[in-house]
Amino acid sequence: MNATRPAPGSQASLREANRARVLGVVRQHGPLTQVEIAAASGLSAATVSNMVKELDQAGMVGLSRSIRNGRRAVLVSLASGGGLLAGVAFGERDVRVAIADESREILAQQLMPLQADHVADDGMERAARLLADLAETVSSGVENISAIGFGLPMPVDSVSGEAGSDAVLPGWRGVNVTEAMAGHLRAPVALDNTANLAALGELRAGALRGVRNGCYLKFSYGVGAGIVINGDVFRGSAGTAGEIGHVTIDENGPICRCGNRGCLDTFVGSRALINSLAASHGPLRLKDIVIRALGGDVGCRRVIEDAGRRVGVAVAGVVNLLNPEVVVVGGLMAEAGELILAPLREALDRCAIPSAAATVELRPAELGDEADIVGAIHRASVLSHSNISIS
């Protein structure tokens, strides 16, 4: 999950793939001899020998003596010194959790629905139980989790570690998540906004790889942005940078759940889109609108195209201010493909400074709905290597 990867087809790329194959076999089957690894992986004995030597030197596997079929043998097993990494990413209506190894490769993950009005204690308890279950599925335990990356779809105070919105997930408002979640699992926690985590995921393993200055637009039930400056996610002085959904586009517009008038979210958020179709289509979910639009429904297509244009106007402001190389569009609405991207691109070209618009590339996200959990695992990895401990 590094920002730069070996070129496909190169010797370095082949070696990396062989190492991953050896690790995957050992992870799946447990301690094995090199002969058994070769049989299970399809690699030659010489290749397995070289890969095991490299992995041993890197501290990623351990070697131990044993007896197999009455003969002395050396077993290869995963190194256990560094423990597991955990990622937790909350949506407004669900939570995704994942367990990864030291190399940030996700070993197991699970998505569970939640009540929209759930409170923080219930959410964290559910996440902790899910992580415990996942740790067991990889033959480990929560005591081996060395760090947790934790995301919420709301402003978070990176200084205090508290969640900070009365409008989105109000049951989390003012809760010190880093302390509370660390208390559940006795592991350090890195708290972040899910748009920032998704931007980080795409930066390390997706459509923003190699980009120095860019933006990830999370377009789902609401709109948020993760901003990348000088090759890293920019969070602002207190962690609230990127709240593009609360940029005012009509000061006489509808009251937003944040308390202001005419925020972008009041025009393109799920509630606005669903309400605009209620008279003609009856009750729909946001996912239904996307599916029907892709199927040719004229009304749903119109709603999505209008939303794309409005978001494009807001993104043009970001482009004028930051002059990014790339803007990546992800989230549920991005599943509409060109239905959302084409009007967004048109509005961006129309409203941004011509020189800035000419140099920015609009890309679809590569990681889909896993972007934020991939970013959460990366945050956990950085935290784990910072030697922070819980007493």
Should [X] and [Y] count as side-chain neighbours, where that means a heavy-atom distance under 4.5 Å?
| X | Y | value |
| --- | --- | --- |
| Met181 | Leu191 | no |
| Leu322 | Cys215 | no |
| Glu338 | Arg345 | yes |
| Asn213 | Asn230 | yes |
| Val303 | Leu277 | yes |
| Arg301 | Arg292 | no |
| Ile227 | Val318 | no |
| Leu134 | Val138 | no |

Would you find a donor on one side and an acceptor on the other, under 3.5 Å apart, between the side chain of [X] and the backbone of [Y]?
| X | Y | answer |
| --- | --- | --- |
| Asn193 | Met154 | yes |
| Arg21 | Ala17 | no |
| Arg19 | Met51 | no |
| Glu202 | Glu366 | yes |
| Thr248 | Glu251 | no |

Presence of salt bridge, Glu325 and Arg363, under 4.0 angstrom: no
Can you tell whether the side chains of Asp133 and Arg129 come within less than 4.0 Å, N to carboxylate O? no
Restricting to non-hydrogen atoms, name the atom on [X] and the atom on [Y] that form the minimum distance, rounded to 0.1 Å.
| X | Y | value |
| --- | --- | --- |
| Val328 | Ala365 | CG1-CA, 3.5 Å |
| Arg126 | Val95 | CG-CG1, 4.4 Å |
| Ile304 | Ile340 | O-CD1, 3.3 Å |
| Ala86 | Ala380 | O-CB, 3.5 Å |

Is there a path of hydrophobic side-chain contacts, each under 4.5 Å between heavy atoms of I/L/V/M/F/W/Y residues, joining Val311 to Val313? no
Hydrophobic cluster identity match, Val315 and Leu321, side-chain contacts under 4.5 Å: yes
Between His118 and Phe90, how do the two ring planes meet: parallel, tilted or perpendicular, split at 30° and 60°? parallel
Checking salt bridge (Lys or Arg N to Asp or Glu O under 4.0 Å) against Asp372, which of Lys218, Arg96, Arg379 comes through? Lys218
Would Asp288 and His281 count as a side chain to side chain donor-acceptor pair (under 3.5 Å) if you check the C-alpha gap in whole Å, the side-chain angles of each, and the deciding distance to 0.1 Å? CA-CA 11 Å; Asp288 297 329; His281 289 67; over 6 Å; no
Identify the residue among Asp265, Leu286, Asn275 that makes a side-chain contact (heavy atoms from CB on, under 4.5 Å) with Ser270. Leu286
Val319 and its side-chain contact (heavy atoms from CB on, under 4.5 Å) partner, picked from Leu348, Leu362, Asp349, Thr359: Leu348
Interatomic distance, CG@Leu63 vs CG@Asp56, rounded to 0.5 Å, equals 4.0 Å
